[in-house]
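Okay, structure first, notes after.
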Amino acid sequence: MRWSRSLIATLRDDPQEAEIVSHKLMVRAGLIRKLSGGLYTFMPLGLRALHKVSQIIREEMDRAGAQEILMPALQPAELWERSGRLATMGPGMFRLKDRAERLMALGPTHEEVVTELLAGEVNSYRQLPCTVYQIQTKFRDEIRPRFGLMRAKEFIMKDAYSFDTSLEAADASYQAMYDAYVRIFTRCGLDARPVEADTGDIGGKWSHEFMVLADSGEDGIVDCPACGYAANQERAERAAAGGSLPGGCPLEAAAIPAATTTCAPLAEVATPGARTIDDLVAFFTCGADRFIKTLIYLVDGKPVAALVPGNRDLNEHKFKRLLGAKKVELADEATIQKVTGAPVGFAGPVGLKIPTYADQGLKGASDFITGANKADTHLIHVDLARDTSVTAFEDLIVVRAGDACPRCGKVLQLKRGIEVGHVFKLGTKYTESFEAKYLNDKGQSELMVMGCYGIGVTRTLQAVIEQSHDANGIIWPVSVAPFAVTLLLLDPKDPTVCAVVDTLEKALQEQGVDVLVDDREERPGVKFKDADLIGCPIRVVAGAKGLAKGGVEIKLRTSKDFDLVPVEHAADTLTALIRKLTASLNT
RNA sequence: CGGAGCGUAGCGCAGCCUGGUAGCGCGUUUGGUUCGGGACCAAAAGGUCGAGGGUUCAACUCCCUCCGCUCCGACCA
């Protein structure tokens, strides 16, 4: 491709719309242009890179035995009613009506469509296992589209679905996809690591997310350097603290650790206006860990209390899973008033008449401070065992750096990551709704066991840039680069140089090498800057000066120095170099 | 949905407080000098100042409403 004839426009300034580096670079290098919030056009350069990612995914899916299909993005809402997700996906789904007033949805994902499809196509165990996939545009009415392609309203996703005869067989399908994912991200030049994850609204029992480590990532990742345990913060567990609880009432500075003494009797303290932990820390002049926070939740509409240490946060995902609930939300003021008999800010576990779950770290908790269920009042010397009736002690809080690993007990770290892929074991959640059954070898009808597997294709592309760039621009891995080679024609008016470039371009094209020829009437400096910005892995400079010295200059985006290569050897040198670069990414 | 900020030429921004001829840099076009890491000189094109309403002799500027974009939050008692 000739630059002078293409729609490649680079920008000198960072776009005002972008916050994170990969987003800025995508716009500056002319890969994408914004239409509106969360909606982007792929420009020629961006689309080429996107196709490279798609093709890698396609090859690895095919290798893993999955078959490519293409399902409609426009779907009847009735399908979603059958699975019950019309309600749970709620406002996240784009809905519209056709001219017959039938409610339709723009597919945010395809479990319903594919299960309906396979329920019709598969009759016998002989047809199983079966894994299908598609690469397609998805639509989600995101609360807050962000960071360019990272969280968009319309994006491209690879979604795959496996169907098996048994849980064990489904495990094998899951493993095949898991392995394929590892290969895909490796081939994309990404350092992506699998972590245990929550399953969310999609349902199912178990899942792994593939995370690209990046400070700009939207997810927290808990990670144990000692044993390799890694989990999304939403799911991450921690080992029980085991008797190392801080006890002692801060009003009695010399208090003996609670475990070895009996707790003083309950006492009320007037705490006017002290509603938050911060207020209380100031009031009692002690650490937040001396308090027990009492959170009143509505769990599927019923009030439930959760007790967590004052310095910790409740993990709603864990709480929801623990209770097997569909919906967990903080109770409104009226409910809190009704349940506790006090305004918001003074709830406590003593005397509460609703189910009360406490974090496992509070087991044996003695001599803590809690709300008194009475306006402007807190209780001191609270002993959970003596003074309250806790329904159960469970792991309820958001794990953070410094907590103990649930596997080995060593100290956990916290990092941030971009979720580029997610693999789920769904079980029979959807096959039940759609009666997706087959006949087994004894002629009996059984439900198929499902798995589903997603990769955010557009997000993966941006994650590559987020992870691979420098101050001058993008550094593409050869596998996803829009062009393997940028060939800079430094003297477009010099017929000799032009002839060399023409010949080299042709030779490369014949060998299947993607080459972008910068034939613009620009000064060399502009071309060098732009070549760095768009970040193709190999730069070839053809100029009168170089030719006089014996050839063209070949330089990697990642290195400072170039090699002067005679023109007649240039094409071979380049193809060998590309082979080497590609090989370094293959598993 | 709550909070904050922003909307002026293709892009990045100033002007607004204190109302009175719409500006700068980049980019674009033309001519010239340049030519190996974002050149220089000269000329030119390009804007109903997000939209609507109000105040005023006069509104980019002040007031109101709406729309769009970006960021933070949407759970901490």
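Each chain gets a letter, A, B and so on, in the order its sequence line appears, and its residues count up from 1.
Not counting sequence neighbours, the partners of A:Leu47 by the side chain to side chain contact (heavy atoms under 4.5 Å, CB included) test are A:Phe42, A:Leu50, A:His51. The side chain to side chain contact (heavy atoms under 4.5 Å, CB included) test applied to A:Asp387 returns A:Leu266, A:Val350, A:Val382, A:Asp383, not counting sequence neighbours.
Listed by first and then second residue, the side-chain hydrogen bond (donor to acceptor under 3.5 Å, both in side chains) pairs that reach into residues 548-567 of chain A are A:Asp470-A:Arg557, sequence neighbours excluded.
Distances shorter than 4.0 Å separate some side-chain N or O of A:Ser36 from OP1 or OP2 on B:C69. A sub-4.0 Å separation between OP1 or OP2 of B:U70 and a side-chain N or O of A:Arg144 is absent.
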Listed pairs, N/O of protein and of nucleotides 50-52 of chain B, under 3.5 Å:
none

List every contact pair, protein side and nucleotides 31-35 of chain B side both N or O, where the distance is under 3.5 Å.
unit_1, atom_1, unit_2, atom_2, d
B:U34, O2, A:Arg523, NH1, 2.6

What N/O pairs connect the protein and nucleotides 6-16 of chain B at under 3.5 Å? Give each pair on its own line.
unit_1, atom_1, unit_2, atom_2, d
B:G12, OP1, A:Gln16, N, 3.2

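With rounding to whole Å, A:Glu142 atom CD is found 16 Å from B:A74 atom P. With rounding to whole Å, A:Asp494 atom CG is found 14 Å from B:G36 atom P. Following rounding to the nearest Å, A:Glu329 (CD) and B:C76 (P) show an atom-to-atom distance of 14 Å. Look at NZ on A:Lys24: it is 15 Å from P on B:U70, rounded to the nearest Å. Residue A:Asp530 contributes atom CG, which lies 15 Å from atom C1' of B:G36 at whole-angstrom precision.
Residue A:Lys527 is out of contact with every strand shown, counting any heavy-atom pair closer than 4.0 Å. Within the nucleic acid shown, A:Arg539 comes within 4.0 Å of at least one base atom, counting heavy atoms only. No contact: A:Glu521 has no heavy atom under 4.0 Å from any strand. The residue A:Phe346 sits close only to the backbone: its heavy atoms come under 4.0 Å of sugar-phosphate atoms, none of a base. Contacts of A:Leu314 with the nucleic acid, taken as non-hydrogen atoms under 4.0 Å apart, include base atoms. As judged by a 4.0 angstrom heavy-atom cut-off over every strand, A:Gly543 is placed among the base-contacting residues. Within the 4.0 angstrom heavy-atom criterion, base atoms lie near A:Gly546.
In the set B:C71, B:A74, B:G37, the nucleotide with an atom closest to the side chain of A:Glu19 is B:C71. When distances are taken from the side chain of A:Glu553 to each of B:G36, B:U70, B:C1, the shortest belongs to B:G36. In the set B:G38, B:C71, B:G36, the nucleotide with an atom closest to the side chain of A:Val541 is B:G36. For A:Lys529, taking side-chain heavy atoms from C-beta onward, the closest of the listed nucleotides B:C75, B:A77, B:G37 is B:G37. For A:Phe147, the listed nucleotide lying nearest its side chain is B:C71; candidates were B:C69, B:A77, B:C71. With B:A39, B:C75, B:G36 as the choices, the nucleotide that has an atom nearest any side-chain atom of A:Val526 turns out to be B:A39.
Between A:Asp313 and A:Asp532, the residue whose closest nucleotide on RNA chain B is further toward the 5' end is A:Asp532. Place A:His23 and A:Arg312 on RNA chain B by their nearest nucleotides, and A:His23 ends up nearer the 5' end.
A distance-only check finds no donor-acceptor pair linking the side chain of A:Arg539 to the backbone of A:Ala531 [under 3.5 Å].
In this structure, the side chains of A:Thr486 and A:Ile538 stay at 4.5 Å or more apart for every pair of heavy atoms. Using a 4.5 Å heavy-atom cutoff, the side chains of A:Lys318 and A:Glu394 are not in contact. A:Asn232 has its side chain out of reach of A:Glu196: every pair of non-hydrogen atoms, C-beta onward, lies at least 4.5 Å apart. A:Glu19 is not listed as a side-chain neighbour of A:Lys24, based on a closest heavy-atom distance of 4.5 Å or more.
Of the nucleotides present, B:G23 is the one that pairs with B:C13 by Watson-Crick or G-U wobble criteria, both distances under 3.5 Å.
Figure legend: cation-pi geometry between A:Arg48 and A:Phe483, with NZ or CZ positioned under 6.0 Å from the six-membered ring centre and within 45° of its axis.
Across the P atoms, B:C75 and B:C13 are found 33 Å apart, a figure rounded to whole Å.
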